[in-house]
Amino acid sequence: AGAAVFRTIYIWCFAVLSLARIDVQLIPHGGETFDTGFCTFTSVLLMHERQRHPVLLAFFDLLSKPALRPRVSHVARNRWRLALLLLRNPSLRQYRRRGWVDLDLPEEGEEKEHGEDLGASVVEEPMRI
């Protein structure tokens, strides 16, 4: 009730001052800051626009969804895992049904001499992973 009385007093003051000019608004620009009801209403509208903006809502909705990973076939993934397993564990190669392309890799404590290439020798037939 007090804000309404205050608003009426301000409007009457501005109306008396601008009575001679018809082209001037009742409350000039900058005078709306004296009106607490108007300031409250505009701040509510501003907060609603900032929190419920459709572009922002769509953007944050996309951010909250988990990223889609590229689909990899199970066969390809299993072949890569098998290849890594056999490379890391050379002793398992002998238990494979198919042959293996054997690289002359140095054993764990052994180093190749400088300039010596890693040659490939075929054991049985090349393995098709």
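Atom set for the values below is all heavy atoms of this structure, side chains included, hydrogens, waters and symmetry mates excluded. Residue numbers count from 1 along this sequence.
Looking at every heavy atom in both residues, Asp61 comes nearest to Ser64 through O-OG, 2.9 Å.
Note: Leu92 CG to Leu82 CG = 9.5 Å, rounded to the nearest 0.5 Å.
Other residues sharing the hydrophobic cluster of Val5, ordered by chain and number and joined by side-chain separations under 4.5 Å: Ile9. The hydrophobic cluster containing Leu56 also includes Phe59, Phe60, Leu63, under a criterion of side-chain heavy atoms closer than 4.5 Å among ILVMFWY residues, counted directly or through chains of members.
No side-chain heavy atom of Pro54 sits less than 4.5 Å from a side-chain heavy atom of Leu57.
With sequence neighbours left out, the side chain to side chain contact (heavy atoms under 4.5 Å, CB included) criterion links Val75 to Ser73, Arg79.
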Show every donor-acceptor pair shorter than 3.5 Å between a side-chain atom in residues 40-52 and any protein atom, with sequence neighbours excluded, or say none if there are none.
{"unit_1": "Thr40", "atom_1": "OG1", "unit_2": "Thr36", "atom_2": "O", "d": "2.7"}
{"unit_1": "Thr42", "atom_1": "OG1", "unit_2": "Phe38", "atom_2": "O", "d": "3.1"}
{"unit_1": "Thr42", "atom_1": "OG1", "unit_2": "Cys39", "atom_2": "O", "d": "3.0"}
{"unit_1": "Ser43", "atom_1": "OG", "unit_2": "Cys39", "atom_2": "O", "d": "3.2"}
{"unit_1": "Ser43", "atom_1": "OG", "unit_2": "Thr40", "atom_2": "O", "d": "2.7"}

